[in-house]
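Note sheet for the following structure.
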Amino acid sequence: MGRAPGESSALSGTAKPAPLSAGVKSLMQNQPVAAPQPAKHQIPRWYLFAGDTLLIAMALVIVYKSPSPLSIRREIFCVGLVVVAAALAIAALLMSEGEAQPESRAGAGVMPNGEPPKKFGHDKAETSSSEQ
C-alpha cells in the first residue's frame with residue numbers, strides 16, 4: 001500500500017498467479033457457459049407418509065381419550081383428520097420418484113501431488129519379486 005506505482009518488490013516476483021477454474025477459462029475464451037439449472041424443490045415422499053401417520057394417530061388419540069359418546073364436533077374433526085391423511089397418502093403415491101442422484105465420486109483417486117493413490121498390497125509383491 002505504501003509503495004509507489006512503479007516500484008517493484010522481491011515478493012511480487014516470486015508470487016505465482018492462482019490457477020483459473022474451468023468456468024473462468026471458458027468465460028475468458030468467449031465460450032458459451034451453460035446456465036445454472038433451477039433447483040427443484042420437492043417434498044420427499046416420506047414427509048407425506050409421516051404426516052399421514054401422525055394425523056391418523058391424532059384421530060385415534062382423540063377417539064380413545066374422549067368421553068364415551070363423542071360430540072358431533074369431535075366426530076367431524078376426526079373424520080376431517082382422516083380425510084386429510086388420506087389425501088396426503090394419495091399425494092405421496094402419485095408423486096414422481098424424482099431424479100436418481102449419482103453416487104458422489106468427488107476426490108476419488110486424487111492425491112495432492114496429482115499421482116494416483118498407492119495400493120498397499122502390491123508394494124510388497126513388487127519389491128520381493130525385484131529382489132530375487
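This structure is a prediction, so every number in the text was calculated from the model and none was measured. When reading the values below, keep in mind they use all heavy atoms of this one structure, side chains included, and skip hydrogens, waters and symmetry mates.
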For side chain to side chain contact (heavy atoms under 4.5 Å, CB included), just list the numbers for Leu48 and Leu93, CA-CA rounded to whole Å, side-chain angles, deciding distance to a tenth of an Å, and then say yes or no.
-> CA-CA 9 Å; Leu48 298 175; Leu93 291 173; over 6 Å; no

(request) Please write out which residues are connected to Val82 in a hydrophobic cluster, directly or through intermediates, given that two of Ile, Leu, Val, Met, Phe, Trp, Tyr count as joined at side-chain heavy-atom separations below 4.5 angstrom. (result)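 Val82 clusters with Ile56, Leu60, Tyr64.
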
Going by the side-chain hydrogen bond (donor to acceptor under 3.5 Å, both in side chains) test, which pairs reach into [range], not counting sequence neighbours?
| range | result |
| --- | --- |
| residues 80-95 | none |
| residues 75-92 | none |
| residues 47-62 | none |

(message) Are Leu55 and Phe49 linked, directly or through intermediate hydrophobic residues, by side-chain heavy-atom contacts shorter than 4.5 Å (ILVMFWY only)?
(response)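 As far as the 4.5 Å side-chain criterion goes, Leu55 and Phe49 are not connected within one cluster.
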
According to side-chain contact (heavy atoms from CB on, under 4.5 Å), who are the partners of Val83, at least two apart in sequence or on a separate chain?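 For Val83, the residues satisfying side-chain contact (heavy atoms from CB on, under 4.5 Å) (neighbours in sequence not counted) are Val79.
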
* So which of Ile62, Val63, Val61 actually passes side chain to side chain contact (heavy atoms under 4.5 Å, CB included) with Lys65? ->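 Only one option passes, and that is Val61.
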
Discussion item. List the residues meeting side chain to side chain donor-acceptor pair (under 3.5 Å) with Ser66, not counting sequence neighbours, and say none if there are none.
Written reply: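 In terms of side chain to side chain donor-acceptor pair (under 3.5 Å), with neighbours along the sequence ignored, Ser66 is linked to Arg74.
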
Restricting to non-hydrogen atoms, name the atom on Ala59 and the atom on Cys78 that form the minimum distance, rounded to 0.1 Å.
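In terms of heavy atoms, the two residues are closest at O-SG, 3.8 Å.
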
**Request:** Any chance you could measure Leu88, atom CG, to Leu54, atom CG, to the nearest 0.5 Å?
**Result:**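 It is 10.0 Å, given to the nearest 0.5 Å.
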
